[in-house]
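Below, read A as the first sequence line, B as the second, and so on, with proteins coming before strands; counting in each chain starts at 1.
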Number of protein chains: 2
Amino acid sequence: MSPAPLDVPAVAGRPCSVAAALEIIGDRWSLLIVREVLFGNHRFGEIARNTGAPRDRLAARLKELVAAGVLEQREYQASPPRSDYHLTKAGRDLGTVLQVLREWGDRWAVESPPVSVRHHDHELKIGGVCSVCGEPVRARDLTREMHVPDWDMAGPRAAD
Amino acid sequence: MSPAPLDVPAVAGRPCSVAAALEIIGDRWSLLIVREVLFGNHRFGEIARNTGAPRDRLAARLKELVAAGVLEQREYQASPPRSDYHLTKAGRDLGTVLQVLREWGDRWAVESPPVSVRHHDHELKIGGVCSVCGEPVRARDLTREMHVPDWDMAGPRAAD
DNA sequence: TTCCACAGTTTGATATGCAAACCTAGACGG
DNA sequence: CCGTCTAGGTTTGCATATCAAACTGTGGAA
C-alpha cells in the first residue's frame with residue numbers, strides 16, 4: 001500500500017500528522033464507529049444502536065470513512081440492497097489508537113473499566129514503552145523537530 | 001491521584017472508556033491544544049495561532065479542559081491579568097494518545113511526516129507491542145469482554 | 001499621546017447536529 | 001391477500017454550535 005492513500009484535506013494551523021489524522025477520524029462518532037466494527041458489529045443498525053449516533057449523522061460519517069479509506073462497504077444481499085461495513089488496513093491500524101484512548105479513559109475518565117481487552121493471559125497495555133528499544137518512555141528522553149521550512153516547535157517562522 | 005478525578009459525563013451508547021475519553025478530549029480542538037502545550041506553547045495567543053482554532057472556541061475549550069482536569073491555568077502576571085496553560089498529570093498522559101495518532105497519521109494521512117519525535121537515537125514508536133509482555137500485538141491474540149450487566153460485545157442485552 | 005501586546009469577549013451570519021418521522025423493498029404470518 | 005416486521009438509509013424542521021472579524025480593557029513602549 002502506498003504511503004498516504006487516504007484523503008488528505010488541507011489543515012489550518014501547524015502542519016502535523018496528528019491534525020491530519022483528526023481531520024479524518026477526529027469527529028464525534030468516527031472512532032466509536034470503528035470501535036463497533038472492530039468489535040464485530042458490521043451493520044448499520046448495530047452501529048447506530050451501540051454508538052448512540054443519530055442515523056443521519058451515522059450515514060454521513062460512514063460515507064466519509066469509506067471515502068477516506070478507513071472502512072469498506074460490502075453488499076451482503078442484493079435485493080433489497082443491504083450493505084455492511086468492514087475495516088480496511090488503515091481502519092484496523094486504528095485499533096492502537098482505540099487502545100491507548102481506552103487506557104487513558106480507564107485511568108482518567110471512568111471509575112472502573114467497562115471493557116477489558118486481554119492479550120494472552122494478561123490485560124493488554126500499549127502505552128508507556130517504546131517499541132523500538134523496549135524502554136519506558138520518559139519525557140526527558142524525547143526531542144521533537146519540525147521538517148517544514150516555515151514552522152518550528154514554537155510556531156510559524158516567516159511573517160504570514 | 002485517585003482513579004477517576006476527571007469529570008465523567010454520562011454517555012449514550014455502549015459504556016466504554018473510549019467514549020468517556022472522547023467526551024473529554026474528543027472535540028475538534030482539544031488534542032491540538034494539548035499538542036501545543038506539550039510542545040511548550042503555553043499562551044493563549046500561541047495556541048490560537050498554532051492550532052488555527054477560533055479564539056472564542058479556544059477560550060471555551062480551555063475552560064472545559066481546565067474544569068476536566070487536563071489543563072491547569074496559571075496566572076503569570078497580575079495586571080493586566082494574564083494566564084497561561086500547563087498540563088496536569090492527566091494531560092501529560094495524553095502524550096501517548098498524541099503519539100499513536102501521529103504514528104497513524106504519518107502512515108495514512110500524510111505524504112511525509114512534518115514532525116518527528118525522537119527517543120534517544122531513534123524515532124519514537126509506541127504502537128504494535130504490548131508493554132506487559134513485550135510481544136507484538138496481533139488481533140488473534142486478543143479477547144474482549146464487557147463488565148457491565150446489560151451489555152455484551154454485540155450490544156445491549158436487556159430489552160430497552 | 002499614540003501605538004502595540006495580550007487574553008480574552010461580543011456579534012451576527014452560517015453550518016452542523018439532532019430526534020423523529022418517513023421511504024423502499026422484501027420476508028413472514030395468518 | 002393483507003398487515004406487520006426488518007433493515008438501511010433519507011427527509012424534515014428545529015435547536016445548537018461554529019466561525020471570522022471586530023471589539024474590550026489594561027498596561028508598556030516609542
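Residue pairs meeting the ring-ring contact (aromatic ring centres under 6.0 Å, His included) criterion with at least one member in residues 109-129 of chain A, sequence neighbours excluded: A:His119-A:His122. Note on residues 118-137 of chain A: pairs passing salt bridge (charged side-chain N to carboxylate O under 4.0 Å, His left out), not counting sequence neighbours, are A:Arg118-A:Glu123. Applying the salt bridge (charged side-chain N to carboxylate O under 4.0 Å, His left out) rule to pairs touching residues 136-145 of chain B yields B:Arg138-B:Asp141, sequence neighbours excluded.
Under the side chain to side chain donor-acceptor pair (under 3.5 Å) criterion, A:Asp84 pairs with A:His86, sequence neighbours left out. Residues forming a side chain to side chain donor-acceptor pair (under 3.5 Å) with B:Arg14 (at least two apart in sequence, or on another chain): A:Glu36. Here A:Pro80 pairs with A:Gln77, A:Arg82 under the side-chain contact (heavy atoms from CB on, under 4.5 Å) rule; sequence neighbours left out. Considering only residues two or more places apart in sequence or on other chains, B:Val34 meets the side-chain contact (heavy atoms from CB on, under 4.5 Å) condition with B:Val70, B:Leu87, B:Leu94, B:Leu98.
Interface limits on DNA chain D: the 5'-most and 3'-most nucleotides within less than 4.0 Å of chain A heavy atoms are D:dA7 to D:dT11. The footprint of chain A on DNA chain C, defined by a heavy-atom cutoff below 4.0 Å, extends from C:dG17 to C:dG26.
Here the side chain of B:Thr88 pairs a donor or acceptor atom with the backbone of B:Gly69 at under 3.5 angstrom.
Nearest heavy atoms, A:Gln99 versus A:Val117: OE1-CG2, 3.8 Å.
A 4.5 Å side-chain heavy-atom check between A:Trp29 and A:Leu58 finds every atom pair outside the cut-off. In this structure, B:Val137 and B:Cys130 have side chains that are in contact, with non-hydrogen atoms separated by less than 4.5 Å.
Near DNA chain C, defined here as any heavy-atom distance below 4.0 Å, there are no residues from residues 26-33 of chain B. Looking at residues 48-58 of chain A, you'll see A:Arg55, A:Asp56 sit with a heavy atom under 4.0 Å from some atom of DNA chain D.
Side-chain contacts under 4.5 Å among hydrophobic residues (ILVMFWY), followed directly or transitively, place B:Val148 together with A:Phe39, A:Val115, B:Met146, B:Trp151, B:Met153.
Each of B:Pro80 and B:Asp84 was assigned the nucleotide of DNA chain C with the nearest heavy atom; the assignment lying further toward the 5' end belongs to B:Pro80. Remark on DNA chain D: of its neighbouring residues A:Lys63 and A:Arg82, the 5'-side contact belongs to A:Arg82, judged by nearest-heavy-atom nucleotide.
Nucleic acid contact class of A:Gln73 (heavy atoms, under 4.0 Å, all strands): sugar-phosphate only.
Using a 4.0 Å cut-off between charged nitrogen and carboxylate oxygen, B:Lys89 and B:Asp93 count as a salt-bridge pair.
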